[in-house]
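Structure first, then comments.
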Amino acid sequence: MDKNKTSVSQYLLYRLQEFGSKHMFGVCGDFLLGFINQIYKSPVTMINCCNELNAGYAADGYARINGLGAVTTTFTVGELSAINAIAGSYAEQVPVVMIAGSPELRHARANKMLHHTLGDYSIAREMFRKITVACERLDDPLHAPQQIDMALSRCLYYKKPIYFELPADMVTAKCAKPGKFLSIVKTSNPDALAEALSESLHLLKQAKKPIIILGMEIIRHGLQDIVKKFIEKSGFPYCTFVTGKTTLSEDHPQFIGCYKGGWSREYVAEVVDSSDCILLLGGFFIDSDTGGFTAHLEKSKLIQANFEQTNIKNHTYSEIMLSDYIKGLTKAVSAGKLPSGLIPAKTALKDQSKVKVTSGKKLTVKHFFKRVASFLNEEDIVIAEVGDCLYSMAGTLLPKNTTFISQSFYNSIGYTVGAALGTSFSKKRRTILFVGDGSFQLTAQEISTMLRYDLKPIIFLLNNQGYAIERAIHDGPYNDLQPWRYHLIPQALGGEAGINVHTEGELESALKVAENAKKLTFIEINVDKYDFGDTLRLAGSAMAESSKNSYD
Ligand SMILES: Cc1ncc(C[n+]2csc(CCOP(=O)(O)OP(=O)(O)O)c2C)c(N)n1
Ligand SMILES: [Mg+2]
């Protein structure tokens with residue numbers, strides 16, 4: 001073989017692992033077998049999942065920790081199962097590479113009515129085009145390296161998913177070996193940047209009570225160090241949206257808590273609502289970040305800096321890179337252009353350390369989340385599913401260097417089980433999953449994959465006998481579930497039975513087991529059907545209000 005050549009599939013796999021994706025999640029199929037064989041011959045490890053949706057979720061969770069995730073499926077039937085996961089990655093700005101193995105090109109050219117094809121070979125690909133930043137069919141080995149590099153550079157720059165269709169006969173087709181990878185680099189328009197900085201500094205200088213809010217883009221674009229430097233130099237207090245939770249370690253002395261509009265803790269709401277200059281870095285006005293749009297973030301006092309543009313009050317500066325903008329502010333503070341240490345911030349309350357335990361007492365949602373907060377360790381990866389798990393965990397102060405993961409914008413339930421599979425490959429960190437019974441019923445089978453690959457997440461399943469969040473909006477029989485014996489599921493899937501917890505005492509014993517566990521730990525937390533956390537109750541009323549015209 002020509003030493004300067006490789007195959008299209010090996011080229012792709014080389015690039016994936018180069019940028020952090022050392023595992024590939026997926027489900028095989030006849031059009032994909034050749035590619036999967038190549039994965040087994042490459043440095044990338046294939047993780048065979050139970051279904052494609054979960055594989056997509058796993059790739060998303062994996063990408064949030066490792067910088068890039070990848071999922072592979074067979075043509076149409078497999079990829080359309082994964083499409084909801086890719087849509088979630090698009091909404092939540094997560095760099096995931098989706099690879100669909102398709103029939104050999106000769107079949108496509110002859111438009112043969114092969115199984116899985118819908119009669120039109122382009123339909124699935126065109127569906128992905130809307131939810132990716134690059135959508136490529138690798139049908140020419142000469143151009144494939146360029147297509148792969150261009151798409152990947154967009155994925156890594158925008159932190160959004162990309163899609164490749166890989167026809168079966170292209171898997172081993174020869175192409176050039178990977179050369180130097182060219183990343184997308186954009187620079188700010190210097191005049192626009194200078195003007196935006198000057199206007200921002202004017203507002204910040206006049207402010208008596210400035211506050212910083214961090215949204216999702218800071219984590220996604222890896223700007224934590226830059227932001228930390230600015231926060232520390234300025235001395236301004238800061239909070240995060242839910243989508244920005246754990247952007248910086250939550251033990252930071254200037255951190256006052258998670259801001260959720262009208263659903264925030266009193267002190268956080270008071271600081272933000274009474275601020276005369278709000279500096280929103282990397283955030284958007286998402287309902288779950290603004291307490292169902294109850295936030296008082298008035299434009300007259302708002303500076304909103306996003307990835308490629310900054311809005312100040314009612315006008316927009318485009319072509320400004322967020323990193324340049326934050327660095328510019330930091331430089332101004334260092335040069336004494338901004339007063340620093342304006343407000344002595346009251347650090348986020350740590351009221352969760354002492355919890356009174358009464359052995360035989362029935363467990364409540366409030367007791368569980370308060371108690372489990374002190375079970376969490378530094379460096380843990382904490383994943384919370386939409387529902388009471390997310391609402392309760394968002395308000396929990398997390399230990400140093402914890403990473404919080406949730407699909408709090410796209411809200412596709414079941415996401416966290418797949419995501420926990422993906423994060424569990426970070427062997428040095430514990431993955432702690434909090435998932436509701438309703439959500440779990442969508443993606444439960446992926447526990448099987450965790451067992452298959454000897455992964456050791458700690459899973460808390462909140463069994464409140466149904467869809468509590470939906471009950472809080474509008475109740476009916478559709479919010480009830482078939483009552484599964486959740487703690488027995490790991491056993492049915494080839495592992496050992498989990499622990500069933502009903503009382504405060506049983507929770508203590510279960511946490512001891514979990515602390516010393518050398519294998520996957522599954523703990524079913526049983527609470528009353530109408531036992532809702534405070535934020536869930538508030539969220540329920542807000543959502544009921546927003547759909548009130550649909551109920552009679
Ligand atoms: C894929 C998908 N299907 C349906 C919904 C609507 N939905 C949102 S939350 C929810 C119920 C979640 O129940 P559970 O996981 O038990 O959490 P709880 O509210 O009980 O804490 C449903 C059905 C959704 N968000 N995503
Ligand atoms: Mg539930």
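Just so you know, ligand 1 is whichever comes first in the structure, and atom 1 is the first atom listed for that ligand.
Atoms of ligand 1 found under 4.0 Å from any heavy atom of S439 (numbered from 1 in listed order, with element): 12 (C), 14 (P), 15 (O). Close approach of ligand 1 to A468 is summarised as follows: ligand atoms under 4.0 Å from at least one heavy atom of the residue are 18 (P), 19 (O), 20 (O). Close approach of ligand 1 to I469 is summarised as follows: ligand atoms under 4.0 Å from at least one heavy atom of the residue are 9 (S), 10 (C), 11 (C), 19 (O). Residue G438 has at least one heavy-atom neighbour below 4.0 Å for each of these atoms of ligand 1: 13 (O), 14 (P), 15 (O), 16 (O). Counting atoms of ligand 1 from 1 in the listed order, those under 4.0 Å from a heavy atom of D388 are 18 (P), 19 (O), 21 (O).
Note on R220 versus E92: salt bridge recorded, some NZ/NE/NH1/NH2 to OD/OE distance being below 4.0 Å. Salt-bridge annotation for E165 and R137: present, with a side-chain N of the basic residue lying under 4.0 Å from a carboxylate O of the acidic one.
Of the N or O atoms in S412, none lie within a sub-3.5 Å distance of an N or O in ligand 1. Close N/O approach between I413 and ligand 1 is found [any backbone or side-chain N/O within under 3.5 Å]. Of the N or O atoms in N464, one or more lie within a sub-3.5 Å distance of an N or O in ligand 1.
At least one heavy atom of E470 sits closer than 4.0 Å to an atom of ligand 1. At least one heavy atom of G466 sits less than 4.0 Å from an atom of ligand 1.
In the model, D475 has a side-chain atom that pairs as donor or acceptor with a side-chain atom of Y530 under 3.5 Å. Under 3.5 Å, the side chains of D60 and S89 contain a donor-acceptor pair of N or O atoms. With 3.5 Å as the limit, one finds a donor-acceptor pair spanning the side chains of Q304 and N306.
Closest to atom 13 (O) of ligand 1, if we only count protein heavy atoms, is Y467 CD2, 3.4 Å. From the protein, the heavy atom lying nearest to atom 25 (N) of ligand 1 is N411 O, 2.8 Å.
Taking backbone and side-chain atoms together, G466 has an N/O/S atom less than 2.8 Å away from the Mg ion (ligand 2). The Mg ion (ligand 2) has no N, O or S atom of S439 inside 2.8 Å of it. For D437, the nearest N, O or S atom to the Mg ion (ligand 2) falls under 2.8 Å.
Ring pair H474/Y478 is parallel by interplanar angle, where below 30° counts as parallel and above 60° as perpendicular. Taking the six-membered ring where tryptophan is involved, the planes of Y238 and F255 are tilted, since the angle between them lies from 30° to 60°. By the 30° and 60° cut-offs, the orientation of the rings of F460 relative to F434 is parallel.
Judged by distance alone, with hydrogens and angles left aside, the side-chain atoms of T503 form a donor-acceptor pair with the main-chain N or O of E506 at under 3.5 Å.
Considering every non-hydrogen atom in both T243 and S408, the closest pair reads CG2-OG, 3.4 Å.
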